[in-house]
Trainee: 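Sharing a structure below in structure tokens format, with a few things to ask.
Reminder, nothing fancy here: chain letters follow the sequence lines and each chain counts from 1.
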Number of protein chains: 2
Amino acid sequence: MAPTGKHRETILTAAVSLFRRRGYSGTGLAEILSESGAPKGSLYHYFPGGKTEIGAAAVSAAGGQVTRTLKALAEAHDTPEALLRAYAAQLAAWMEQSQWRSGCPIATVLLETAPQEDRITKAGADAFSEWTRVFEDAMIQSSVPPERARSLARLAIATIEGSLILSRVERSSDPILSSAETVAELIASARGR
Amino acid sequence: MAPTGKHRETILTAAVSLFRRRGYSGTGLAEILSESGAPKGSLYHYFPGGKTEIGAAAVSAAGGQVTRTLKALAEAHDTPEALLRAYAAQLAAWMEQSQWRSGCPIATVLLETAPQEDRITKAGADAFSEWTRVFEDAMIQSSVPPERARSLARLAIATIEGSLILSRVERSSDPILSSAETVAELIASARGR
DNA sequence: CAAAATATATACAGACTGGTCTATATTAAT
DNA sequence: ATTAATATAGACCAGTCTGTATATATTTTG
């Protein structure tokens, strides 16, 4: 692929970071441009669909990053509850480091735009589906019955998303760690340990 | 109290409804004004702090509405799991009716503004705390150990918030109902049934 | 080397933003 | 009735928003 222009990537990176902190409506294209160093022409060259297309691309990119992180953690830990605990710990650390400003990289944008904006909604659905799949697979591999694995995986994702909101409001990692722990125990018992 | 000007209430109602659908940054004061029928002067008369103050008041008002709903449901159902199921069903119906446009009335605004905006963050923390309390009390009343009641109550809130995001993206009530059911079963077992 | 595609760079437009300001009603207190 | 407080009304401002248009580089292809 290689010789794609230098600015596509920087625009996307800036967009992901800004959308995460300020949300979709709260982030102006000018801000993305100045943080990325790209001129406006490049933006509409790479994303002719304008802000909507950047939003969808950012959700997709951020979703992919999380998927990769989860897969790496799944490799490193041999039980689904360990995976969940490890990811929660990582989120907690990240939240603290950003002083509770950078939560889920896609939740805010999705709440602002879904289900009206089709492309963004689709990108979000794909991301959630991938994340869920990682948990689901980890559980099946630990001999959780498939049906149960699916619903527990969705619960894990929902819990993480929700506790990230609480965490921001309370300026504390407690909600993340505590909720994850409760679900982790539930998962552990589901695989008949 | 009585003779407060007629427009304070209409402004607040419009703000709650618009923030819920479009988020904080996505809602302009002009929109709130036109939906409420009030002129700009009234807005700054009642909310001299401008948009931030309206945001905080809207979060507080919406939070109070949910609290009242939860308390009513807690009265009507005699177990915490029944309370959760009933509330989830109500949310699911509401989401469907709004075609997955109106989710949690405070989550979007909070993700956009917390923890930077102090007053809004505080209003959100108070709301979550009240909601949690309703679940916590219901569980304690059903002889769930206090410590466990607290963490399960927070899990319930986190799960609801998270599944409302998933629900919007998937344009389906499934995530709400499914996650709530899983947590309901967990609660049921926690009170030693 | 020339033509074409790709990419970069700004200037600009029209609408909308939150917020301030001043003027005018309306109600309450003296 | 007069003063004071409360409330309503909308014009206005400076700044920002997304998006378009046009011009110039840079690379790739024939």
Side-chain angles (χ1 to χ4, degrees), chain A residues 1-59 108-109 112-114 116-120 123, chain B residues 1-19 21-59 108-109 112-114 116-121 123:
Chain A
M1 36 149 273
T4 66
K6 61 177 175 180
H7 278 148
R8 209 202 115 99
E9 212 62 24
T10 68
I11 289 174
L12 203 50
T13 304
V16 168
S17 159
L18 284 165
F19 284 152
R20 183 178 201 172
R21 280 177 284 156
R22 306 203 211 297
Y24 184 75
S25 299
T27 301
L29 297 187
E31 225 171 344
I32 296 177
L33 258 17
S34 87
E35 182 156 324
S36 74
K40 202 157 200 175
S42 298
L43 191 151
Y44 278 93
H45 174 69
Y46 292 114
F47 306 95
K51 196 176 185 182
T52 304
E53 187 170 346
I54 295 181
V59 167
T108 312
V109 172
E112 289 179 86
T113 61
Q116 289 96 322
E117 294 284 355
D118 263 352
R119 309 178 61 172
I120 302 180
Chain B
M1 37 146 271
T4 67
K6 63 179 173 181
H7 278 149
R8 210 203 114 98
E9 213 60 24
T10 68
I11 289 174
L12 203 50
T13 303
V16 168
S17 158
L18 283 165
F19 284 150
R21 278 176 286 156
R22 303 203 213 299
Y24 183 76
S25 299
T27 301
L29 297 187
E31 219 170 345
I32 296 177
L33 258 15
S34 88
E35 183 159 322
S36 73
K40 205 158 198 175
S42 299
L43 191 153
Y44 278 91
H45 173 70
Y46 293 113
F47 306 95
K51 197 178 184 183
T52 305
E53 187 171 346
I54 295 179
V59 166
T108 312
V109 172
E112 289 179 86
T113 60
Q116 290 95 322
E117 294 284 354
D118 262 354
R119 307 177 62 170
I120 302 180
T121 304

Trainee: Specify the closest pair of heavy atoms between Ile120(A) and Ala56(A), including all atoms of both residues, with the distance to one decimal.
Mentor: CG1-N, 3.6 Å
Trainee: Please determine whether a side-chain nitrogen or oxygen atom of His45(A) lies at a distance below 4.0 Å from atom OP1 or OP2 of dA7(C).
Mentor: yes
Trainee: Whole-Å distance between dT20(D) P and Phe47(A) CZ?
Mentor: 16 Å
Trainee: Once you apply a heavy-atom cut-off of 4.0 Å, does Ala30(B) come out as touching a base, just sugar-phosphate, or nothing?
Mentor: sugar-phosphate
Trainee: Considering all heavy atoms of both residues, which atom of Thr27(A) and which atom of Leu18(A) are nearest to each other, and what is their separation?
Mentor: OG1-O, 3.4 Å
Trainee: To the nearest Å, give me how far apart CD (Glu9(B)) and C1' (dA7(D)) are.
Mentor: 16 Å
Trainee: How many Å lie between CD1 on Ile54(A) and C1' on dT18(D), as a whole number?
Mentor: 10 Å
Trainee: CZ of Arg8(A) versus P of dT6(C): gap in Å, rounded?
Mentor: 14 Å
Trainee: What are the two closest heavy atoms between Phe19(B) and Ala58(B), and how far apart are they?
Mentor: CD1-CB, 3.7 Å
Trainee: In this structure, how many angstroms lie between the C1' atom of dA5(D) and the OH atom of Tyr46(B), rounded?
Mentor: 13 Å
Trainee: The criterion is side chain to side chain donor-acceptor pair (under 3.5 Å); which residues satisfy it with Thr10(B), sequence neighbours excluded?
Mentor: none
Trainee: If you look at every heavy atom in Arg21(B) and Ser17(B), which pair is closest and at what distance?
Mentor: NH2-OG, 2.7 Å
Trainee: Per the end-axis method with five pairs at each terminus, what is the bend angle of the helix from dC1(C)-dG30(D) to dT30(C)-dA1(D), to 10°?
Mentor: 10°
Trainee: Between C1' on dA9(D) and CG on Leu33(B), what's the gap in Å once rounded to a whole number?
Mentor: 11 Å
Trainee: Which residue pairs satisfy the salt bridge (Lys or Arg N to Asp or Glu O under 4.0 Å) criterion with at least one member in residues 40-58 of chain B, sequence neighbours excluded?
Mentor: none
Trainee: Contact between Leu12(B) and Phe47(B) at the side-chain level, heavy atoms closer than 4.5 Å - yes or no?
Mentor: yes
Trainee: Can you check nucleotides 23-25 of chain C for protein contacts, nitrogen or oxygen pairs under 3.5 Å, and list what you find?
Mentor:
none

Trainee: When you measure from every atom of DNA chain D, which of residues 18-26 of chain A have a heavy atom less than 4.0 Å away?
Mentor: none
Trainee: Cut-off 3.5 Å, no hydrogens considered: what does the side-chain donor-acceptor table look like for residues 29-37 of chain B, sequence neighbours left out?
Mentor:
from: Glu31(B); atom 1: OE2; to: Arg22(B); atom 2: NE; distance (Å): 2.5
from: Glu31(B); atom 1: OE2; to: Arg22(B); atom 2: NH2; distance (Å): 3.1
from: Ser34(B); atom 1: OG; to: Glu31(B); atom 2: O; distance (Å): 3.4
from: Ser36(B); atom 1: OG; to: Ile32(B); atom 2: O; distance (Å): 3.1
from: Ser36(B); atom 1: OG; to: Leu33(B); atom 2: O; distance (Å): 3.1
from: Ser36(B); atom 1: OG; to: Ala38(B); atom 2: N; distance (Å): 3.2

Trainee: If you compare all heavy atoms of Gly23(A) against all heavy atoms of Thr108(A), which two are closest, and at what distance to 0.1 Å?
Mentor: CA-CG2, 3.8 Å
Trainee: Ignoring hydrogens, what is the shortest heavy-atom contact between Glu112(A) and Tyr24(A)? Give both atom names and the distance.
Mentor: OE2-N, 2.6 Å
Trainee: Between the protein and nucleotides 19-22 of chain C, list the N/O to N/O atom pairs that are separated by less than 3.5 angstrom.
Mentor:
from: dG19(C); atom 1: OP2; to: Tyr44(B); atom 2: OH; distance (Å): 2.9
from: dG19(C); atom 1: OP2; to: Lys51(B); atom 2: N; distance (Å): 3.0
from: dG19(C); atom 1: O5'; to: Tyr44(B); atom 2: OH; distance (Å): 3.2
from: dG19(C); atom 1: N7; to: Lys40(B); atom 2: NZ; distance (Å): 2.9
from: dG19(C); atom 1: O6; to: Lys40(B); atom 2: NZ; distance (Å): 2.3

Trainee: Return the set of residues passing side chain to side chain donor-acceptor pair (under 3.5 Å) with Ser42(B) (not counting sequence neighbours), or none when no residue passes.
Mentor: none
